[in-house]
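This report concerns only the one structure given below.
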Amino acid sequence: MTHFKMRELCRTDRPRERLCALGAQALTNAELLAILIGSGTRQKSALQIAEELTVHERLYREVARWRHVQDFSQIKGLGTARSARILAALELGKRVACASAVESERIDSPEAGAQYLMGRLRNETHERFLVLLLNTKNRVIQTEQIAEGSLNSAVVHPREVFAPAITAHAASILVAHNHPSGDPAPSREDRSLTRVLTQTGEIMGIPVLDHLVIGDGVYYSFKEHGDL
């Protein structure tokens, strides 16, 4: 089989030229990645390497979960520099996804909270427990990560959850964590922790508005299900 380098493709078929002519939204995932990769190898073009990274939704199911340059070692043709560019782009995308909700909407519903957190948590390979500190208008003051790993009530203690809320003079908080399995159904430990945090919030005068469990594009809201 003949492998074409990027420069050997018809000019109108080159990803960068297509982006300039049609806009980024017109490109496939593979074409966008090919621009980040830049150049190929003797065996593969940048576009062919990118196609390997995006075939069968691999970009969403695997690549988006990779956190280290070494994770890309299984892909021939990707060195440290190319891998670093891809990681940087993925991280920037997550940060933009998180920031957009803060700038445009306040967190006044479970759906708004899930939208704000989905880009940050849905592709994590470990459980992360976050607390959103909200002002009197339910706008995010700041987001704090409280714990990482296998979470339970012993790991996530109320004092760690409410300490940043007191420091920031938050009016209320929203807590959330992800399930790497993609299934947001709460565990028994999740329910127990929610009860403890809710009771603590009532005593301290900093109510817990909701506890969200983030899955793969879906979420569970304790408030929506009447469990808060």
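Along the sequence shown, the residues carry numbers beginning at 1.
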Val218 with Met118, same ILVMFWY side-chain cluster at under 4.5 Å: no
Minimum heavy-atom distance Gly23-Leu27, with the two atoms named: O-CD1, 3.5 Å
message: Given 3.5 Å as the limit, does a donor-acceptor pair link the side chain of Asp210 with the main chain of Lys223, or not?
response: yes
- prompt: Between Ser172 and Leu209, which heavy-atom pair has the shortest distance, and what is it?
  reply: OG-CD1, 3.4 Å
field: Considering all heavy atoms, the nearest Leu212-Pro110 contact
entry: CD1-O, 4.0 Å
field: Contact check, side chains of Phe222 and Val175, non-hydrogen atoms, under 4.5 Å
entry: no
field: Point-to-point distance, once rounded to the nearest 0.5 Å, from CD1 of Ile173 to CD1 of Ile206
entry: 7.0 Å
query: Under 3.5 Å, is there a donor-acceptor pair between the Asp190 and His177 side chains?
result: yes
task: Check whether any side-chain N or O of His157 sits under 3.5 Å from a backbone N or O of Arg159 as a donor-acceptor pair, and report yes or no.
output: yes
- prompt: Are Val55 and Leu78 in one and the same hydrophobic cluster, where Ile, Leu, Val, Met, Phe, Trp and Tyr link if side-chain heavy atoms are under 4.5 Å apart?
  reply: no
field: side-chain hydrogen bond (donor to acceptor under 3.5 Å, both in side chains) between Arg58 and His56, intermediate numbers included
entry: CA-CA 5 Å; Arg58 188 177 187 185; His56 302 313; over 6 Å; no
query: In terms of hydrophobic clusters joined by side-chain contacts under 4.5 Å, are Leu32 and Leu22 together?
result: no
query: Where the side chain of Ser192 meets the backbone of Arg188, is there a donor-acceptor pair that is under 3.5 Å apart?
result: no
task: Give the ring-plane orientation class for Phe72 versus Trp66, where under 30° counts as parallel, over 60° as perpendicular and anything between as tilted.
output: perpendicular
Sidechain N-carboxylate O distance under 4.0 Å for Arg16, Glu31: no
- prompt: Do Glu111 and Tyr116 meet the criterion of a side-chain donor-acceptor pair at a distance under 3.5 Å?
  reply: no
Result of checking Gln115, Glu224, His179, Arg122 against Tyr219 for side chain to side chain donor-acceptor pair (under 3.5 Å): Glu224
query: Is there side-chain contact between Pro180 and Thr125, with at least one heavy-atom pair below 4.5 Å?
result: no
task: State, with a plain yes or no, whether a side-chain heavy atom of Glu144 is found less than 4.5 Å away from one of Leu130.
output: no
query: Would you call Leu33 and Val63 a side-chain contact if the rule is heavy atoms closer than 4.5 Å?
result: no
message: Please list all pairs meeting ring-ring contact (aromatic ring centres under 6.0 Å, His included) that have one or both residues in residues 33-52, counting only residues at least two apart or in different chains.
response: none
field: Heavy-atom side-chain contact between Lys44 and Glu52 under 4.5 Å
entry: yes
query: Do Val131 and Met204 belong together in a cluster built from hydrophobic side chains that touch within less than 4.5 Å?
result: yes
query: Using 4.0 Å as the upper bound for N to carboxylate O, is an ion pair formed by Glu124 and Arg67?
result: yes
query: Does any N or O in the side chain of Arg82 come within less than 3.5 Å of the main-chain N or O of Leu36, such that one atom is a donor and the other an acceptor?
result: no
message: I'd like to know if the side chain of Gln48 reaches the main chain of Ser45, judged simply by a donor and an acceptor atom lying under 3.5 Å from each other, with no hydrogens or angles considered.
response: yes
message: Between Thr143 and Arg120, do the side chains contain a donor N or O and an acceptor N or O under 3.5 Å apart?
response: no
query: Quick one: does Phe129's side chain get under 4.5 Å of His211's, heavy atoms only?
result: yes
field: Val156 versus Ala147, closest heavy-atom pair with distance
entry: CG2-CB, 4.1 Å
field: Donor-acceptor contact present, side-chain Asn178 to main-chain His126, <3.5 Å
entry: yes
